[in-house]
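Here's the structure, in structure tokens; my notes come after.
Please read all numbers here as calculations on a predicted model, not as lab measurements.
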Amino acid sequence: MRTARNLIGGAWQDTAWGTLLDVVDPATEEVIARAPAGCREDVDRAVAAAVAAQPAWAALPVAERVARVGAWADTIAAHADELADIERREMGRPLDIGRSFVEGSAAGLKLTARQALSYAFEETFRDPDVETRVMRHPLGATAVITPWNFPVAILLGALGPLLAAGNTVVVKPSERSPLSAVRLCELLTLPDGVVNLVLGDARAGAPLTEHEQIRLVHFTGSVAAGRAVGAASGHRLHRATLELGGKDAVVVDAGVDVAGTAAEVARGAFLNTGQICTSMERIYVHQDIAEDFVEALVGAAAAFVPGETLGPLVDERQRDTVRRHVADAVERGATVRTGGEEPPGKGYFYPPTVLTGVDDSMLVMTEETFGPLAPVAVVADFATGLAQAARSRYGLAATVYTDDPEHREAAARIPAGVVWIDQWQGGSPDMVWEPAGDSGMGAAGAHAAYDAATRPSSVIRPLRRP
């Protein structure tokens, strides 16, 4: 039985406190490893290592930092199969899907690091009397706390701008899926102490977010945990970038390709077993095509087979949430069109499930499910669908399918960080977004990520002396 360890200052170390947590394969319910529960002493050592390593890392030319991060990204890409298999065993994602995400995240790490080469770390402005030099400095030691659903992709997505800007990092992955982060750190090609790894649950996360020498916390996770991170960051007067829960809406207009759109919605609802922050969790369909759309969606759901093309939920706690949301909807009058019954045998599997007759009295339409559910509400017209999509305390992303140019323009008014039109996922490398409502705070992407990873200062001198 493997016991995972912390990486601190380039050395693998046992936890200062001996409590260990089981890492469970959600497909078999077997314990595959153990990892530290975490403690303040582990965090203190990791932060000290990050603080010590930061001046030398920041002193390197930007191009050299970018090249070194890029070399690590190449190493990660070369181990994509291995990392995808680790993710399969610790959180259940099917291997083929996992490989594509690992490859994409390695490429993304390289791309976001390269954005440092065009970022304005220093600018000079002159008017007739004065010169102002604006410089953007690295913050220092930072923290990245990641969730269990995309252990590799979310971590690498956060690291590029932080590292290329000259910061060092302490990484704290979810205690549910720590092994892929361990392997990423085993593959490190960066100087000792630039990236450090502390394993554990809130016993590691809380002291890390509260640490007086951490200058920024990049957190992805639940709303409740994000509030705690934000409060701790505010108390210490350091920055927090928070990407929290979602309850993403989909609006399907009349006039679309019904079969093709239903297949896209099935992918958006069921990919990764619905365990994506931007999964399609509320579906509003125009009444003129609703019957045909639901029939097509039920047909598309059949392609997601538990144990084959559909992995398990991460654990029994997550499956309990799905089970509870379905039961609540049925009790309040919803109809299960397909799915809704767990397959027999080992593993935290749940089938792709389509619900109709749903409304905002139901948990499945108001609270984040994070499971393979597609609840469909019928709306009288497109405007009603948009209004319903906007009625949520969450505002991470939304998707709209329409062939009407005016409706496409109207879709941009949905209060969300990202609005996709006639597609789901994707976008320009230059895109910038910030979650709305309870889905988080702090702009991300492209130059905004570098703004968050740096501190501006201005040096001003007169050009004319009296």
Handout entry: Distance (rounded to the nearest 0.5 Å) between S233 OG and R215 CZ
Key = 10.0 Å

Exercise for the section: Determine whether V314 and S177 make a side-chain contact, defined as any pair of heavy atoms from C-beta on separated by less than 4.5 Å. Expected result: no

Practice task
Taking only Lys NZ, Arg NE, NH1 and NH2, and the carboxylate oxygens of Asp or Glu, determine whether E368 and K247 approach each other closer than 4.0 Å.
Solution key: no

Handout entry: Electrostatic pair R236-E210, nearest N-O below 4.0 angstrom
Key = no

Handout entry: Beyond-backbone contact of W148 with D315, side-chain heavy atoms, under 4.5 angstrom
Key = no

Practice task
Could you verify whether a donor N or O on one side chain and an acceptor N or O on the other, from R136 and Y119, lie under 3.5 Å apart?
Solution key: yes

Exercise for the section: Give a yes or no on whether the backbone of G371 and the side-chain of T369 come within a donor-acceptor separation of less than 3.5 Å. Expected result: no

Handout entry: Whether Q423 side chain and Q425 backbone form a donor-acceptor pair below 3.5 Å
Key = yes

Practice task
Output yes when a side-chain donor or acceptor of T399 lies under 3.5 Å from a complementary backbone atom of W420, and no otherwise.
Solution key: no

Practice task
Would you check, one step at a time, whether the test side-chain contact (heavy atoms from CB on, under 4.5 Å) holds for L184 with V195?
Solution key: CA-CA 10 Å; L184 285 172; V195 174; over 6 Å; no

Exercise for the section: Measure the CD-CG distance between Q54 and L139 for me, rounded to the nearest 0.5 Å. Expected result: 9.0 Å

Practice task
Kindly indicate, with the supporting measurements, whether the criterion side-chain contact (heavy atoms from CB on, under 4.5 Å) is fulfilled by N272 and M91.
Solution key: CA-CA 10 Å; N272 205 47; M91 59 76 55; 4.0 Å; yes

Exercise for the section: Check whether any side-chain heavy atom of L95 sits under 4.5 Å from a side-chain heavy atom of D85, and report yes or no. Expected result: yes

Fill in the blank from the handout: Nearest heavy-atom contact between L244 and S222 is CD2-O, 3.5 Å

Exercise for the section: Taking R65 for its side chain and A164 for its backbone only, find out whether a donor-acceptor pair lies under 3.5 Å. Expected result: yes

Problem - Pairwise side-chain contact, L355 with V364, heavy-atom cut-off 4.5 Å (strictly under) - result: yes

Handout entry: Atom of T209, atom of A232 and distance for their closest heavy-atom approach
Key = OG1-CB, 3.8 Å

Exercise for the section: Could you tell me the separation between the CG atom of L159 and the OG1 atom of T146, rounded to the nearest 0.5 Å? Expected result: 9.0 Å

Practice task
Would you indicate whether the side-chain heavy atoms of V354 and F270 approach each other to under 4.5 Å?
Solution key: yes

Exercise for the section: Would you kindly check if the NZ (Lys) or CZ (Arg) of R93 is within the cone defined by 45 degrees around the ring axis of F150 and under 6.0 Å from the six-membered ring centre? Expected result: yes

Exercise for the section: Dump the intermediate steps for side-chain contact (heavy atoms from CB on, under 4.5 Å) on R203 and C39, then the final yes or no. Expected result: CA-CA 5 Å; R203 285 168 280 193; C39 63; 5.8 Å; no

Problem - Parallel, tilted or perpendicular: ring planes of H407 versus F382, cut at 30 and 60 degrees - result: parallel

Practice task
Would you give the length of the straight line joining atom CG of D192 to atom CG of L7, rounded to the nearest 0.5 angstrom?
Solution key: 8.0 Å

Practice task
Starting at CG of D438, measure out to CG of L242 and round the result to the nearest 0.5 Å.
Solution key: 11.5 Å

Problem - Flag side-chain contact, heavy atom, 4.5 Å: I214 against L208 - result: yes

Practice task
Taking the side chain as every heavy atom from C-beta outward, state whether R391 and Q388 have any atom pair closer than 4.5 Å.
Solution key: yes

Handout entry: Crowding at CD, E409 (>12 non-hydrogen neighbours, <6.0 Å)
Key = no

Fill in the blank from the handout: Scanning both residues in full, the closest heavy-atom pair of A446 with P429 reads CB-O, 3.7 Å

Practice task
Spell out, as yes or no, whether a donor-acceptor pair under 3.5 Å connects the side chain of Y450 to the backbone of A165.
Solution key: no

Problem - Main-chain N/O of P161 paired to Q115 side chain as donor or acceptor, under 3.5 Å - result: no

Problem - Exercise: do D248 and Y394 side chains pair donor with acceptor under 3.5 Å - result: no

Handout entry: Under 3.5 Å donor-acceptor, N167 side chain and G140 backbone
Key = yes

Exercise for the section: Specify the closest pair of heavy atoms between P147 and I154, including all atoms of both residues, with the distance to one decimal. Expected result: CG-CD1, 3.5 Å

Exercise for the section: Report yes or no: does R319 contribute a side-chain atom to a donor-acceptor pair with the main-chain N or O of Y350 at less than 3.5 Å? Expected result: no

Handout entry: E434 side chain vs G417 backbone, donor-acceptor pair below 3.5 Å
Key = no

Problem - Rounded distance (nearest 0.5 Å) linking atom OH of Y401 with atom CG of D257 - result: 11.0 Å

Exercise for the section: Please report the C-alpha distance between T321 and H325 in whole Å, then the side-chain angles of each, then the deciding distance to 0.1 Å, and finally whether the side-chain contact (heavy atoms from CB on, under 4.5 Å) criterion is met. Expected result: CA-CA 6 Å; T321 298; H325 283 199; 3.9 Å; yes

Practice task
Check whether any side-chain heavy atom of T384 sits under 4.5 Å from a side-chain heavy atom of Y284, and report yes or no.
Solution key: no

Exercise for the section: Return yes if some donor-acceptor pair links the side-chain N/O of D42 with the main-chain N/O of T15 below 3.5 Å, else return no. Expected result: no

Exercise for the section: Establish, from distance only, whether the side-chain atoms of T142 and H218 form a donor-acceptor pair under 3.5 Å. Expected result: no

Handout entry: Closest approach of Q213 to V47 (non-hydrogen atoms, all atoms of both residues)
Key = CB-CG1, 3.8 Å

Handout entry: Distance-minimising heavy-atom pair for V43 and A204
Key = CG2-O, 3.4 Å

Practice task
Taking only Lys NZ, Arg NE, NH1 and NH2, and the carboxylate oxygens of Asp or Glu, determine whether R408 and D422 approach each other closer than 4.0 Å.
Solution key: yes

Exercise for the section: In plain terms, say whether E87 and R99 are close enough for a salt bridge, that is, a side-chain N and a carboxylate O under 4.0 Å apart. Expected result: no

